[in-house]
Amino acid sequence: MGATMATINSIHSNTDASVLFYIVTLRDAIKQTRQYIEKTKLKGIKYKILEFNPMVLRGKVKPDSSRPDLLHPLNFARFYLPLLDINHKKVIYLDDDVIVQGDIKDLFSVKLKSGHAAAFATDCDLPPTHDMVRTISMQTTYMGFLDYRKQEVVDLGIHPRDCSFNPGVFVADIGEWKKQKITKQLEKWMEENFRLNLYSSAMAGGVATPPMLIVFHDKFTTLDPLWHVRHLGWGPDARYPENFIQDAQLLHWNGPFKPWNYPAVHLDLWEKWFIPDPSKKFSLENVLEKLLDKLREKPFVPFVRSFQELRPFLL
């Protein structure tokens, strides 16, 4: 939850636009979400909390032990935008592991091409990220997400080397989404995977990414790549050059190394937007102190005696 608040804080602080935040969560987190906002500096924002019902996923998502975090029901909330209580024709969807450094109204002003229900940044569109991708062996094509040994995948007619995209950041036209029945199309491929195992969370993007890749193949508007600088969470040592990271409009820590769970990279760019949880349930200090306890067991750790001394090792 602290991650969501950091995302909201970064957006709110970097724009003079009137933004309405739709916060999608599960029923048991609604009260804490509201308290987090009302008891912190975010109390002045305009927001609406939307409850997501995980029962819509029954028969569509298999248990998978390789990356259980990727099976969280909220990872699939993006599939159901028209079914949520959203009163706008156009919305920006953001995962909670992003920080916005630019003015969000610039992203919102992106004009979608006729017949397109969404706009994404592709995985092959930004040369400075190519070295990072090679370093962490990240997949940037459909081959890394779909099992091309399955005839059902081959029959799609999608070349395995076509560039993929990350659906953690996109602009959506709700009217076009409804018109094309995007949600039904996504559910179809979830159900197909449930039966035939066409992809799994062991592959590059987990089970929430492949349906989006299939349904939106060659049917989306391309975003400026600086509005989705990603892969920050794929390795604890894979850093971007500072001049490049400063120019990025949006940073995405997709991958297992989140900035609130050390180790991670470019921590300062996330921590500057973090707002302490008034209920103390989400605490960076608690995470760091647990890590410090582990580090004290290692030979070099007598040099690290406190939380303050630990931070330079991590930045």
Side-chain angles (χ1 to χ4, degrees), residues 1-12 19-65 67-89 91-98 167-170 172 174 177-178 181-184 186-191 193-194 201 205-209 211-212 252-254 256 258-261 273-284 286-287:
M1 187 172 295
T4 300
M5 300 306 158
T7 300
I8 292 174
N9 188 28
S10 70
I11 295 170
H12 181 66
V19 180
L20 173 61
F21 294 94
Y22 290 103
I23 305 170
V24 185
T25 190
L26 302 181
R27 178 174 294 179
D28 60 2
I30 291 177
K31 182 178 179 181
Q32 186 187 354
T33 300
R34 185 172 288 111
Q35 290 178 342
Y36 209 133
I37 294 172
E38 298 297 336
K39 294 184 179 181
T40 64
K41 62 182 288 188
L42 295 177
K43 61 184 179 182
I45 68 169
K46 294 192 296 183
Y47 71 97
K48 188 174 184 178
I49 299 175
L50 305 177
E51 179 187 342
F52 181 69
N53 182 0
M55 294 304 293
V56 299
L57 302 176
R58 178 174 289 180
K60 302 180 182 72
V61 180
K62 283 183 178 180
D64 193 320
S65 60
R67 285 287 304 276
D69 55 310
L70 296 177
L71 298 177
H72 192 284
L74 292 179
N75 279 336
F76 303 91
R78 73 195 87 189
F79 292 8
Y80 296 92
L81 294 180
L83 302 185
L84 300 172
D85 188 15
I86 295 175
N87 301 317
H88 289 78
K89 296 179 180 178
V91 298
I92 297 171
Y93 172 88
L94 300 175
D95 279 349
D96 65 358
D97 51 358
V98 310
V169 174
F170 63 89
I174 299 298
W177 192 292
K178 290 179 180 178
K181 296 181 173 59
I182 297 294
T183 296
K184 287 293 184 184
L186 293 168
E187 286 188 322
K188 170 195 170 184
W189 286 105
M190 293 170 72
E191 291 165 355
N193 183 61
F194 192 89
S201 61
V207 295
T209 296
M212 299 283 280
H252 188 185
W253 279 264
N254 60 305
K258 304 300 185 185
W260 57 87
N261 284 330
W273 303 114
F274 173 70
I275 299 173
D277 179 3
S279 72
K280 308 298 183 184
K281 293 180 180 179
F282 188 101
S283 171
L284 291 184
N286 288 345
V287 173

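Bear in mind that the values here come from a model prediction, so they are computed numbers and not experimental data.
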Colleague: Counting N and O atoms only, with roles assigned by atom type, does the side chain of Y36 sit under 3.5 Å from a partner on the main chain of K31, one being a donor and the other an acceptor?
Modeller: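 Judged by distance alone, no pair lies under 3.5 Å.
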
Colleague: To the nearest 0.5 angstrom, please state how far the OG1 atom of T209 sits from the CE atom of M212.
Modeller: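 If I round to the nearest 0.5 Å, the distance is 8.0 Å.
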
Colleague: Please report the shortest heavy-atom distance between A29 and T33, naming the atom on each side.
Modeller: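 Closest approach of A29 to T33: O-OG1, 2.7 Å.
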
Colleague: Mind checking whether D95 and V169 have side chains closer than 4.5 Å, heavy atoms only?
Modeller: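 Heavy-atom side-chain distance check fails, nothing below 4.5 Å.
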
Colleague: I need the minimum non-hydrogen distance between T7 and D96, along with the two atoms involved.
Modeller: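 Here T7 and D96 meet closest at OG1-O, 3.3 Å.
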
Colleague: When you measure from the side chain of Y22 to the backbone of N87, do you find a donor-acceptor pair of N or O atoms at a distance under 3.5 Å?
Modeller: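 Yes; judged by distance alone, with no hydrogens or angles, the pair exists.
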
Colleague: Any side-chain heavy-atom pair from V91 and H88 closer than 4.5 angstrom?
Modeller: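 Yes, at least one pair of side-chain atoms sits under 4.5 Å.
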
Colleague: Donor-acceptor pair, distance only, cut-off 3.5 Å: does the side chain of K258 make one with the backbone of W253?
Modeller: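 Yes; judged by distance alone, with no hydrogens or angles, the pair exists.
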
Colleague: Using a 4.5 Å cut-off on heavy atoms from C-beta on, say whether the side chain of K281 contacts that of M1.
Modeller: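 Side-chain contact under 4.5 Å: no.
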
Colleague: Ignoring hydrogens and angles, tell me if any N or O in the side chain of T183 forms a donor-acceptor pair with the backbone of F79 under 3.5 Å.
Modeller: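 The answer is yes, because a donor-acceptor pair under 3.5 Å joins these two groups.
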
Colleague: With the side chain counted from C-beta on, respond yes when V19 and H12 share a heavy-atom pair under 4.5 Å apart, and no when they do not.
Modeller: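 No, every pair of side-chain atoms sits at 4.5 Å or beyond.
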
Colleague: Of all heavy-atom pairs between G168 and H252, which one has the smallest distance, and what is that distance?
Modeller: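 So the two residues come closest at CA-CE1, 3.9 Å.
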
Colleague: Taking the six-membered ring for Trp, are Y93 and F170 parallel (under 30°), tilted (30 to 60°) or perpendicular (over 60°)?
Modeller: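 Correct class here is parallel.
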
Colleague: Taking the side chain as every heavy atom from C-beta outward, state whether I49 and R34 have any atom pair closer than 4.5 Å.
Modeller: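 I49 reaches R34 side chain to side chain.
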
Colleague: Would you mind reporting whether V61 and F194 have side-chain heavy atoms less than 4.5 Å apart?
Modeller: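 A side-chain contact is absent here, since even the closest heavy-atom pair is not under 4.5 Å.
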
Colleague: With rounding to the nearest 0.5 angstrom, report the CG to CG distance, L74 to L57.
Modeller: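 Taking CG in L74 and CG in L57, the distance rounds to 9.5 Å.
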
Colleague: To the nearest 0.5 Å, how far apart are NZ in K41 and CD1 in I275?
Modeller: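 It is 5.5 Å, given to the nearest 0.5 Å.
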
Colleague: Quick one: list whatever passes side-chain contact (heavy atoms from CB on, under 4.5 Å) with K184, sequence neighbours left out.
Modeller: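 Result, side-chain contact (heavy atoms from CB on, under 4.5 Å) vs K184: K181, E187.
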
Colleague: In sequence, state the C-alpha distance, the side-chain angles, and the governing distance for L50 and I86, and then conclude on side chain to side chain contact (heavy atoms under 4.5 Å, CB included).
Modeller: CA-CA 9 Å; L50 305 177; I86 295 175; 3.9 Å; yes

Colleague: Between the side chains of Q32 and D277, is a donor N or O closer than 3.5 angstrom to an acceptor N or O?
Modeller: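 Distance-only check passes for Q32 and D277.
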
Colleague: Holding to salt bridge (Lys or Arg N to Asp or Glu O under 4.0 Å), I want the full list of residues that pass it with E38, two or more places apart in sequence or in another chain.
Modeller: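 Result, salt bridge (Lys or Arg N to Asp or Glu O under 4.0 Å) vs E38: none returned.
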
Colleague: Which heavy atom in I8 sits nearest to a heavy atom in I23, and how many Å separate them?
Modeller: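 Closest pair (atom of I8, atom of I23, distance): CD1-CD1, 3.7 Å.
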
Colleague: Is any side-chain heavy atom of M190 less than 4.5 Å from a side-chain heavy atom of F76?
Modeller: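 Yes - at least one pair of side-chain heavy atoms lies under 4.5 Å apart.
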
Colleague: Using a 4.5 Å cut-off on heavy atoms from C-beta on, say whether the side chain of F21 contacts that of I11.
Modeller: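 Answer yes - side chains close enough.
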
Colleague: Kindly give the heavy-atom pair with the smallest separation between K48 and L20, and that separation in Å.
Modeller: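 Shortest heavy-atom contact: N-CD1, 4.2 Å.
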
Colleague: What distance separates L94 CG from D97 CG, expressed to the nearest 0.5 Å?
Modeller: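 Taking CG in L94 and CG in D97, the distance rounds to 10.0 Å.
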
Colleague: Run the side chain to side chain contact (heavy atoms under 4.5 Å, CB included) check on L42 and M5 step by step: do they pass?
Modeller: CA-CA 8 Å; L42 295 177; M5 300 306 158; 3.8 Å; yes

Colleague: Quick one: CG on L81 to NZ on K178, what's the gap to the nearest 0.5 Å?
Modeller: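 With rounding to 0.5 Å, CG (L81) is 10.5 Å from NZ (K178).
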
Colleague: Where is the tightest heavy-atom contact between A77 and L84, given as atom of each residue plus distance?
Modeller: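 Closest heavy-atom pair between A77 and L84: O-CD1, 4.3 Å.
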
